[in-house]
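Residue indices begin at 1 and follow the sequence shown. Whatever order the structure lists ligands and atoms in, that order sets their numbers, starting from 1.
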Amino acid sequence: MTSSEELAALRERLEGEGCRLDLLFVNAAIDRGNQPIHEVSTDMFTEVMITNTLSPLRALEALRGLVVPGGTVAVMSSDQGSISRNTEDGYELYKASNAALNQLMRSYTTRHADDGHTKLLIDPGHNQTQLGGPDAPLTPQGSIPAVVDVLEAQTGAPGLQFLDRHGETVPW
Ligand SMILES: NC(=O)c1ccc[n+]([C@@H]2O[C@H](COP(=O)([O-])OP(=O)(O)OC[C@H]3O[C@@H](n4cnc5c(N)ncnc54)[C@H](OP(=O)(O)O)[C@@H]3O)[C@@H](O)[C@H]2O)c1
């Protein structure tokens with residue numbers, strides 16, 4: 001994700017195999033803990049923002065040429081990136097990285113408004129993963145099939161939407 005060279009190599013390999021994508025779904029992020037932002041080191045800030053915010057957009061740009069007309073370009077985001085829902089303490093850096101990701105996805109959508117691709121930001125809910133922790137209320141086994149249903153149901157929809165696993169709009 002964080003290597004432009006490896007993204008370019010992946011694009012080349014997929015192109016060489018004649019690969020065409022109905023759905024390009026970028027799903028990777030890191031979380032480096034729950035410090036208030038003034039306690040986050042510059043290195044940690046840089047690592048999280050590069051991984052969660054810059055790299056997904058680089059991945060989209062590297063691979064969007066493989067997406068068929070009418071296909072979907074989506075990024076896993078989080079309602080933690082919703083500015084209007086940010087009323088609880090904690091995870092300031094992770095929240096900021098998702099808010100900035102959402103903003104960049106809006107810029108991507110404006111830049112590629114006429115490419116005929118459906119564009120989505122997805123909030124999967126709080127899931128038991130390495131990132132979500134063992135106390136999360138949801139499991140990927142339960143929630144990701146619902147995410148897939150949302151991705152499929154939105155095929156052909158215009159513009160950019162920020163949706164949860166129920167297909168409901170998440171406020172910016
Ligand atoms: N879990 C939740 O509650 C929750 C809630 C909302 C949104 N999300 C979002 O869901 C997505 C997946 O998170 P998760 O919960 O499944 O977290 P996870 O269990 O920690 O998995 C993160 C994934 O991202 C990959 N990744 C991290 N850095 C990478 C890099 N530099 N290059 C390539 N892959 C990299 C990891 O690959 P390796 O295993 O190879 O390191 C791993 O597959 C993220 O975008 C996250 O923000 C999760």
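Ionic pairing of Glu6 and Arg58 is not present here: no N-O contact between side-chain nitrogen and carboxylate oxygen is shorter than 4.0 angstrom. Using a cutoff of 4.0 Å between basic side-chain nitrogens and carboxylate oxygens, Asp149 and Arg165 are not scored as salt-bridged.
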Exercise for the section: Tell me, with the steps shown, if Asn102 and Ser77 meet side chain to side chain donor-acceptor pair (under 3.5 Å). Expected result: CA-CA 7 Å; Asn102 293 350; Ser77 179; 2.7 Å; yes
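With atom 4 (C) of ligand 1 as the reference point, the heavy atom nearest to it among Ala136, Gly125, Ser77 is part of Gly125. Considering Ala59, Ser55, Pro140, Ala29 only, the shortest heavy-atom separation from atom 27 (C) of ligand 1 involves Ala29.
Looking only at protein heavy atoms, the nearest one to atom 30 (C) of ligand 1 is Met1 CB, 3.6 Å. At the top of the distance list for atom 17 (O) of ligand 1, counting protein heavy atoms only, stands Leu131 CB, 3.2 Å. The protein heavy atom nearest to atom 3 (O) of ligand 1 is Asn127 N, 2.7 Å. Closest protein heavy atom to atom 12 (C) of ligand 1: Asn27 OD1, 3.2 Å. Given atom 15 (O) of ligand 1, the protein heavy atom at minimum distance is Thr129 OG1, 2.5 Å. Among protein heavy atoms, atom 25 (C) of ligand 1 sits closest to Ala28 CB, 3.7 Å. Regarding atom 10 (O) of ligand 1, its nearest protein heavy-atom neighbour is Met76 CG, 3.2 Å. Closest protein heavy atom to atom 47 (O) of ligand 1: Tyr94 OH, 2.6 Å.
In this structure, Gln130 places its CD atom where only 12 or fewer heavy-atom neighbours from other residues, nucleotides or ligands lie under 6.0 Å away.
The part of Ile30 lying near ligand 1 is the side chain, judged by heavy-atom distances below 4.0 Å.
Atom 38 (P) of ligand 1 lies below 4.0 Å from none of the non-hydrogen atoms of the protein. Checking atom 8 (N) of ligand 1 against the protein gives a heavy-atom contact under 4.0 Å. There is no protein heavy atom closer than 4.0 angstrom to atom 41 (O) of ligand 1.
Partner His112 forms a side chain to side chain donor-acceptor pair (under 3.5 Å) with one of His117, Glu61, Lys119 and no other, that one being Glu61.
Nearest heavy atom pair, residue Val67 against residue Asp22, reads CG1-O, 4.4 Å.
Of the possible donor and acceptor atoms, one in the side chain of Asn34 sits under 3.5 Å from a partner among the backbone N and O of Tyr91. The main-chain N or O of Ala62 is found under 3.5 Å from a side-chain atom of Arg11 such that the two form a donor-acceptor pair.
Side-chain polar atoms of Arg32 and Tyr94 form no donor-acceptor pair below 3.5 angstrom.
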